[in-house]
Q: 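To start, I am sharing the structure in question, which I have written as structure tokens.
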Protein chains: 2
Amino acid sequence: MLRKPPILDWGRRYNRTTLVDDGIAAIIVTVMLIPQSLAYAMLAGLPPEMGLYASMLPLVAYAIFGTSTTLSVGPVAVVSLMTASAVAQIAEPGTAGYVEAAILLALMSGAMLLLFGVLRMGFLASFLSHPVIAGFITASAVIIAISQAGHILGVSASGDNLLQLVANLAGAVAEVNLPTLAVGTATLLFLVGMRKGLEPLLVRIGMPGYWAGMLARTGPVFAVVGSSVAAHSLDLGGRGVALVGDVTAGLPDFTLPVLVHPAWRELLLSALLISIIGFVESVSIGHTLAARRHQRVDPDQELIGLGASNLAAAFSGGYPVTGGFARSIVNFDAGAATPAAGIFTAAGIALTALFFTPYLAYLPNATLAATIIVAVMSLADFSILKRTWDYGLSDFIAVAITIVVTLALGVETGVACGVLVSLALHLYKTSRPHIAVVGEVPGTEHYRSIDRHEVITRSDILSVRIDESLYFANASFVESRLYALLDERPDVRHVILMCTAVNEIDLSALEALESINRQLAERRITLHLSELKGPVMDILRHTQFLEALTGKVFMSQHGAVRHVSAIENAGHGKEPHNWEI
Amino acid sequence: MLRKPPILDWGRRYNRTTLVDDGIAAIIVTVMLIPQSLAYAMLAGLPPEMGLYASMLPLVAYAIFGTSTTLSVGPVAVVSLMTASAVAQIAEPGTAGYVEAAILLALMSGAMLLLFGVLRMGFLASFLSHPVIAGFITASAVIIAISQAGHILGVSASGDNLLQLVANLAGAVAEVNLPTLAVGTATLLFLVGMRKGLEPLLVRIGMPGYWAGMLARTGPVFAVVGSSVAAHSLDLGGRGVALVGDVTAGLPDFTLPVLVHPAWRELLLSALLISIIGFVESVSIGHTLAARRHQRVDPDQELIGLGASNLAAAFSGGYPVTGGFARSIVNFDAGAATPAAGIFTAAGIALTALFFTPYLAYLPNATLAATIIVAVMSLADFSILKRTWDYGLSDFIAVAITIVVTLALGVETGVACGVLVSLALHLYKTSRPHIAVVGEVPGTEHYRSIDRHEVITRSDILSVRIDESLYFANASFVESRLYALLDERPDVRHVILMCTAVNEIDLSALEALESINRQLAERRITLHLSELKGPVMDILRHTQFLEALTGKVFMSQHGAVRHVSAIENAGHGKEPHNWEI
């Protein structure tokens, strides 16, 4: 049931206009991608050329199999951080084993994404709530920014959570390298200035908004060129400023990842988390951009596209990739018309790898660190705490726990906790559902809560609306709440359960209903149901419950109350068992 | 906020009638408990006297703090198996370390139960669905019965899952001890005969049903006496029949469990599972018996009662205990009036431990194994598979996985899988809710599914009922389903979401609604909501959503359709934004 690769669709309609659009977008994205690829490889603790490799074949694979016309795939900040955090557990940074493990991670993540795609399991991503994602990205951005502070200060300070990082930075503060600090601070100020000040300035002096925006985004390119020239001419390398150094030139070899790597079991959970986070990040960007052009992305096909990208990364010496926010926006704004823009971008990066790597040798790491810090600054959004606080307690708890645990214990524990806590809170809420006693809104057939509306009730009829599906986690809660309501109302002869919100009755809940029916019968109270939904009624019809039910099943609450009232008024209240269902 | 111990209630009302009732019940239960305590200690791999110790102080503690008048606490089959399975992971059976770990387990379980009780966390037990419990008990019964087969055959065959047990039994079958097999088989036949044949026989020859039932339950006592006498007179010990041997006489010392035992971390999960399973088993027995006498048990206080029992077990050389099914039924049937019956039973067991242990030396282990097998046979109930199969797929999957995993991988993995699978299935279902297009049932104010009822609809109004709370796991599913419905209906100008089943809207779902509202506005379609519940409306009022909403919020679906129809009919359909909310 696989669909054919989307390239067969858009490839057929390809023409000269789209070629020009895609070509222009590709040039702009390539220029932006070069410093970004190097920077994220550094963030992941990998050699700079791996960042370039991860920006070639994966883009081609996505162009063939992906469904977004503008998504730009490659190394991204959060996935690079997660890669570093996963791989550091099994190998020392700087070793061949570390590189091997990163490639293996791309392979495993690609295989998982592909498998999820074939099994159409895109829905799995929906178990990450928006607040949990926002909290996770925010906390990751903080960790990333602080992890780069060492490069700005010219000291080495590693760690994959806030406490470790801050402790290591504090310990190393005496060894600060002042020339490095100067380069880093200058780049930071320049980049922030470009981003915040240049665009409004250019617009004010008459440049069209489109070009002003594009130019403002080229900050990293100028920073790279400027600081490389400075490093070369001022011999910053000799003054203790760490430089990128030799970048292996040329295209990646086709590498066969070590398939039976001894560490694959230890990387399993990391690969799963990287796959899910990468997928969620990528799909949400894809949705956002597609909506602006009235297009759609297909989550299940996206899994296949991203899976193919990661496999391509693994077979060409790259590391885990996904759709990136900043570069996709640039690709979109630059007018990319089809995924072919990605293929052209890959060609641009390939040209860079072939011919321009010698020029990267003098690039200071502090410059790359500054570009990372400025890039992730826009990802951190602590306002999610305020927004969830205003909205509701359980969203707030989920986001707060995600942020705190991610900062304190690292990215993997953080996101796992976020998902588990939000699911647990949801289950907790459904295990103690809202139960309303309802009455007739005068002059209508409508029944609403007695606590919120002026309604008509009778002392011999208790109408109860259960605001949740009935299942094992709330069956006994509902049962005891019902008895508690009856204890306060000794005159009740009929209980009518209004089931508008009951979307499911599982076997545990059915047993609870049977027990309620028996207990009420002993107290000479008749149990009725109303407004059961079709699918629920279908299931109950297959059981003995409807025969055992002392009362009736009514289509509407209004009908139920009218019928029962008529019987009570006629004095037949004592023989409820004779009724037919 | 702790309630006072229930003993202060019933103790005040204690009189001579209740004393006599409790005394008679205690004598009957004591006689039944002696072989059971020894047998379950053997099942747990512990010395026989630990079974007796676990049947003294824990009963007194429960009598003080428990809320059931008839529940009988002590060693039970499933918890004994779980104890053996947990402790065997860290110590060799027969060593002092093994005994120490079992006591530690009682201490940890007692502390956990007490903590859950103080925090009023009895609701945790409701996450074990009835089918999962039934499947777990059934599979445990099978494992217990087969684990005892070695004692009947006179070979040693250990293991904590079906595969290990059967493999070990098959390997040891050549070493079968025939005298042991004779004792075991004879006891089995005798016990089954007593249980199945004696009661109807006695009733037929004129004995009152009550006494016939009581007598039929004394089978194990006769089996113990008969086989001990046979072992003594025929020197079965010399013929290779394993006997209980020396049972330490006297009351247990007050023991301080090794609090800082190095293994406590490894036992943490086991202690938690034992606590929850023990609690669920005990509370469901308590509920069943209480309902027959129109009494109630309070789950949170039961946690405290069982917690105190397990702490008492730990401090008096016992092992984890809980309310037992068979003995509670006997206690109930024998007419126990108050928890004092438990105190008297404890006294009976204490007398046994002081004066009767020498008579237990000749008791064959095969006899105890036979009593265990017969006892657990009644626990195994494979009909749960058929019942869930008939009822619904997800209940069936949960019970099938619980049974298979318990048999294949052991009790702890089995019950953990059962809980996780049933929760995952529930979440999966709520992540893909039923969504019905509804129309007016002619002549009523009622709206039902167009697929199931003859209803009135309009081509310019789409009424959609979402049969689930809106939360992160289904927000994007609902959004894309809605667009799919609109793709099929190009004439729609108004969408009315009927929210009768929407009990919650979390932040992720609110963002989805905002996105729906925007997307529909672009298509010049107005979005309305109807039948929002009070608690949901309270939350939405605090947001900007109601202001951004292109349509209105209506109290009833009928009102919504009438209002929108009137506007469309009057030709105002193009200016939906002017409406007030």
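In the text below, chain A, chain B and the rest are named by the order of the sequence lines, each starting its count at 1.
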Q: Quick check for you: among A:Arg387, A:Glu445, A:Arg432, which has the greatest number of heavy-atom pairs under 4.5 Å with chain B?
A: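 Highest number of pairs under 4.5 Å: A:Glu445.
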
Q: Which residues in residues 508-518 of chain A have any heavy atom lying under 4.5 Å from a heavy atom of chain B?
A: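 Contacts with chain B: A:Ser508, A:Leu510, A:Glu511.
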
Q: With a 4.5 angstrom heavy-atom cut-off, which part of B:Arg541 approaches chain A: side chain, backbone, both or neither?
A: neither

Q: Heavy-atom cut-off 4.5 Å, strictly under: side chain, backbone, both or neither for A:Asp395 against chain B?
A: side chain

Q: What option among A:Ala501, A:Gly559, A:Ser449 has the most heavy-atom pairs under 4.5 Å with chain B?
A: A:Ala501

Q: Check B:Tyr391 against A:Asp506 and note the closest heavy-atom contact, atom names and distance.
A: CE2-C, 3.4 Å

Q: Return the minimal non-hydrogen interatomic distance between B:Pro535 and A:Arg452, and the atom names on each side.
A: N-NH2, 3.5 Å

Q: Report, in residue-number order, which members of residues 416-425 of chain B are under 4.5 Å from chain A by heavy-atom distance.
A: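 The stretch touches chain A at B:Ser422, B:Leu423.
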
Q: Check whether B:Ser431 gets within reach of chain A through its side chain, its backbone, both or neither, counting any heavy atom under 4.5 Å.
A: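 The answer is the side chain of B:Ser431.
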
Q: At a heavy-atom separation under 4.5 Å, does B:Val132 approach chain A through its side chain, its backbone, both, or neither?
A: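 The answer is neither part of B:Val132.
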
Q: So does A:Met555 get a backbone contact from the side chain of B:Arg448, meaning a donor-acceptor N/O pair under 3.5 Å?
A: yes

Q: Does any non-hydrogen side-chain atom of A:His446 lie less than 4.5 Å from one of B:His558?
A: no

Q: For the interface with chain B, which of A:Glu531, A:Glu522, A:His287, A:Glu468 has the highest count of heavy-atom pairs at distances below 4.5 Å?
A: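 That would be A:Glu468.
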
Q: Under the rule for side-chain contact (heavy atoms from CB on, under 4.5 Å), what residues qualify as partners of B:Ile285, not counting sequence neighbours?
A: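 Checked B:Ile285 against side-chain contact (heavy atoms from CB on, under 4.5 Å); matches are B:Leu71, B:Glu281, B:Leu289, B:Phe325, B:Ser328.
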
Q: Is A:Phe123 close to chain B through its backbone or its side chain, or both, or neither, when contacts mean heavy atoms under 4.5 Å?
A: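 For A:Phe123, the side chain is the part near chain B, not the backbone.
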
Q: Report, by ascending residue number, the residues of residues 469-481 of chain B in heavy-atom contact with chain A at a distance under 4.5 Å; give 'none' if the set is empty.
A: B:Ser469, B:Tyr471, B:Phe472, B:Ala473, B:Ser476

Q: So what's closer than 4.5 Å to chain A heavy atoms on B:Ser556: side chain, backbone, both or neither?
A: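 Its backbone and side chain both get close to chain A.
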
Q: Name the member of B:Gln519, B:Lys429, B:His542 that forms the most heavy-atom pairs with chain A at distances under 4.5 Å.
A: B:Lys429

Q: Does B:Asn503 use its side chain to pair, donor to acceptor, with the backbone of A:Asp467 at less than 3.5 Å?
A: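 Such a contact is found between B:Asn503 side chain and A:Asp467 backbone.
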
Q: With chain B as the partner, which of A:Thr430, A:Ile539, A:Asp451, A:Leu427 has the greatest number of non-hydrogen pairs under 4.5 Å?
A: A:Leu427

Q: Please state whether the side chain, the backbone, both or neither of B:Glu504 comes within less than 4.5 Å of a heavy atom of chain A.
A: side chain

Q: Taking side chain as everything from C-beta outward and backbone as N, CA, C, O, which of these in B:His453 sits under 4.5 Å from a heavy atom of chain A? Side chain, backbone, both or neither.
A: side chain

Q: So for A:Thr543, is it side chain, backbone, both, or neither that comes closer than 4.5 Å to the heavy atoms of chain B?
A: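 The side chain, not the backbone.
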
Q: Which region of B:Lys533, side chain (C-beta onward) or backbone (N, CA, C, O), has a non-hydrogen atom less than 4.5 Å from a non-hydrogen atom of chain A, or is it both or neither?
A: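 The answer is both parts of B:Lys533.
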
